[in-house]
Amino acid sequence: MQPLQDQVALVTGGSSGIGAGVAKCLAQAGAKVVVNYSSSAEGAQQVVREIESEGGTAISVQADVSQADRVQHLFQQLFDVFGTIDILVNNAGLQKDAAFVDMTLDDWNKVISVNLTGQFLCSQQAVKEFLRRGIVPERSCAAGKIICMSSVHEVIPWAGRCNYAASKGGVMLLMQSMAQELAPQKIRINSIGPGAIQTPINRSAWETPYAKAKLLNLIPYNRIGVVEDIGKAAVWLASDESDYVTGTTLYVDGGMTLYPGFATGG
Ligand code: NAD
């Protein structure tokens with residue numbers, strides 16, 4: 001029996017990067033996966049094809065997670081096909097970087113609405129279904145599991161990206177508050193805090209040898225992460241193997257949150 005056998009998982013922003021990697025790992029663990037995308041239908045279809053080629057089950061569904069009506073529609077489509085949801089991975093996110101004094105209100109609002117409000121909207125829909133359905137012991141001892149894709153920047157300030165850092169700091173307390181409120185209903189909610197994972201969102205940080213060397217200075221484990229590092233953590237957090245874990249951020253960061261500047265005495 002696979003750890004996520006017959007469970008239904010939704011991965012938002014699943015057409016690229018970490019979301020695509022997580023979707024594939026969840027499918028390999030036995031979950032039926034809904035790959036949400038905002039604009040890249042082809043990217044999402046490619047993920048679906050890869051899952052199906054390995055014998056898994058997946059569909060792709062378009063929705064902008066920052067829009068309440070689109071999120072409702074996304075969940076309705078998921079229910080129409082799979083009937084219910086067991087695992088939500090709030091992964092969709094973006095950056096709109098600018099120096100603080102130059103940051104426009106649009107840049108601020110866009111990042112907060114996708115990275116933070118999007119997680120609120122999707123979590124609310126998932127929790128409603130977890131509460132309606134309750135525990136199905138053959139699938140999991142929890143009534144539902146949510147994994148919030150946060151970042152090391154929920155605790156590390158980030159100059160030039162105050163909208164992004166504020167959104168991830170918000171995700172941390174959103175996750176902890178939901179976890180506290182919903183633990184009695186046997187709903188587990190945790191975050192993954194990735195460090196530097198090689199994906200399109202941070203291409204400028206690894207695509208030249210100079211940028212890569214600079215980035216490695218921040219990573220004690222001395223390698224840039226790959227999406228499978230996050231996928232494996234997501235499978236564990238979604239499975240009953242982590243049944244006593246809720247309200248926690250699991251940093252998957254090669255030690256980036258260990259203040260590497262102090263490694264030689266500061
Ligand atoms: P990515 O750009 O490949 O993935 C982000 C995904 O979110 C894309 O598929 C994008 O289309 C989707 N998206 C954007 N706006 C959306 C919307 N309104 N509705 C639905 N989907 C939307 O980058 P990634 O690195 O894979 O990022 C995934 C998550 O991981 C993000 O939340 C990001 O903040 C987080 N993260 C990434 C890193 C890293 O090093 N790559 C580090 C820390 C945290």
Side-chain angles (χ1 to χ4, degrees), residues 10-25 34-48 60-75 88-97 107 109-123 125 147-156 158 161 163-172 174-175 191-207 211-212 215-216 218-219 223-231 233-234 249-254 256-257:
L10 167 61
V11 181
T12 66
S15 61
S16 64
I18 289 174
V22 167
K24 288 184 243 175
C25 287
V34 176
V35 180
N36 156 254
Y37 67 96
S38 59
S39 55
S40 176
E42 179 43 37
Q45 261 313 307
Q46 179 60 29
V47 175
V48 168
S60 63
V61 179
Q62 196 281 334
D64 176 345
V65 297
S66 67
Q67 305 295 320
D69 60 332
R70 304 320 301 157
V71 170
Q72 245 178 330
H73 191 243
L74 163 64
F75 275 77
L88 165 67
V89 183
N90 279 318
N91 169 77
L94 46 73
Q95 287 181 226
K96 296 255 173 226
D97 304 346
D107 288 344
N109 283 336
K110 181 74 184 167
V111 170
I112 297 292
S113 69
V114 175
N115 295 14
L116 181 56
T117 308
Q119 297 217 11
F120 161 72
L121 291 170
C122 292
S123 299
Q125 292 297 318
I147 298 167
C148 300
M149 204 56 71
S150 185
S151 167
V152 293
H153 296 294
E154 71 173 35
V155 289
I156 301 178
W158 208 10
R161 294 143 184 101
N163 48 0
Y164 184 83
S167 74
K168 297 300 186 181
V171 165
M172 178 174 69
L174 170 66
M175 177 278 288
S191 286
I192 295 175
I197 311 297
Q198 192 159 331
T199 73
I201 210 173
N202 55 11
R203 182 176 300 280
S204 61
W206 48 261
E207 71 180 346
K212 193 172 171 183
L215 179 58
L216 286 175
L218 298 173
I219 309 172
R223 76 165 168 87
I224 298 175
V226 292
V227 297
E228 291 75 18
D229 292 319
I230 306 300
T249 298
L250 176 57
Y251 294 106
V252 182
D253 68 350
M256 195 178 245
T257 40

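Atoms within a ligand are numbered from 1 in the order they appear, just like the ligands themselves. Numbers for residues simply follow the sequence, beginning at 1.
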Short N/O distance, under 3.5 Å, between [X] and ligand 1?
X      : value
Ile18  : yes
Asn91  : yes
Tyr164 : yes
Asn202 : yes
Lys168 : yes
Leu94  : no
Ala196 : no

Q) Taking atom types as modelled, is there a side-chain donor on Glu154 or Ser191 under 3.5 Å from an acceptor on the other? A)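 On atom types as modelled, these side chains do not qualify, holding no pair under 3.5 Å.
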Testing the basics here: between [X] and [Y], what is the closest heavy-atom pair and its distance to 0.1 Å?
X      : Y      : answer
Trp206 : Ala211 : N-CB, 4.3 Å
Val35  : Gly14  : CG1-O, 3.4 Å
Asn115 : Ser167 : ND2-OG, 3.2 Å

State, with a plain yes or no, whether a side-chain heavy atom of [X] is found less than 4.5 Å away from one of [Y].
X      : Y      : answer
Val226 : Gln198 : no
Ile197 : Val227 : yes
Val22  : Met149 : yes
Tyr37  : Glu42  : no

List the closest protein heavy-atom neighbour of [atom]: residue, atom name, distance to the nearest 0.1 Å.
atom                    : value
atom 23 (O) of ligand 1 : Ile201 CB, 3.2 Å
atom 24 (P) of ligand 1 : Thr199 OG1, 3.4 Å
atom 19 (N) of ligand 1 : Val65 N, 3.0 Å
atom 12 (C) of ligand 1 : Gly13 CA, 3.7 Å
atom 43 (C) of ligand 1 : Pro194 O, 3.4 Å
atom 9 (O) of ligand 1  : Ser16 OG, 2.9 Å
atom 21 (N) of ligand 1 : Ala92 CB, 3.4 Å

If the cut-off is 4.0 Å to any non-hydrogen atom of [X], which atoms of ligand 1 fall inside it?
X      : answer
Asp64  : 17 (C), 18 (N), 19 (N)
Ala63  : 19 (N), 20 (C)
Gly17  : 3 (O), 26 (O)
Pro200 : 3 (O)
Gly195 : 38 (C), 39 (C), 40 (O), 42 (C), 43 (C)
Ser38  : 11 (O), 13 (N), 16 (C), 17 (C), 19 (N), 20 (C), 21 (N), 22 (C)
Ser15  : 9 (O)

(Q) Let me confirm one number: the CG-OG1 distance from Leu121 to Thr117, rounded to the nearest 0.5 Å. (A) 6.5 Å
Q.
Just verifying a value: how many Å separate Asn163 CG and Leu116 CG, rounded to the nearest 0.5 Å?
A.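 Asn163 CG to Leu116 CG: 12.0 Å, rounded to 0.5 Å.
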**Q.** Electrostatic pair Arg161:Asp107 at N-O distance under 4.0 angstrom
**A.**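 So Arg161 does not pair with Asp107 through a salt bridge.
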Q) So, Arg70 and Asp64, do they make that salt bridge, N to O below 4.0 Å? A)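 So Arg70 does not pair with Asp64 through a salt bridge.
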(Q) Using the rule given for side-chain hydrogen bond (donor to acceptor under 3.5 Å, both in side chains), can you reason through Asp97 versus Gln95, listing the C-alpha separation, both sets of side-chain angles and the distance that settles it, and then say yes or no? (A) CA-CA 6 Å; Asp97 304 346; Gln95 287 181 226; 3.0 Å; yes
**Q.** Within reach of ligand 1, part of Asn115 (heavy-atom separation under 4.0 Å)
**A.**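 No part of Asn115 comes within reach of ligand 1.
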Q: Describe, in one word, how the ring planes of Trp158 and His153 are oriented to each other, choosing from parallel (under 30°), tilted (30 to 60°) and perpendicular (over 60°).
A: parallel
Q) Does ligand 1 have any atom sitting under 4.0 Å from a heavy atom of Thr12? A)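 Contact check Thr12 vs ligand 1: negative.
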Q: Nearest heavy atom to atom 44 (C) of ligand 1 wins, so pick from Gly21, Ser150, Gly93, Gly193.
A: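 Looking at heavy atoms only, Ser150 sits closest to atom 44 (C) of ligand 1.
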Q. Who gets closest to atom 15 (N) of ligand 1 by heavy atom: Val47, Val152, Val114?
A.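 Nearest option to atom 15 (N) of ligand 1, by heavy atoms: Val114.
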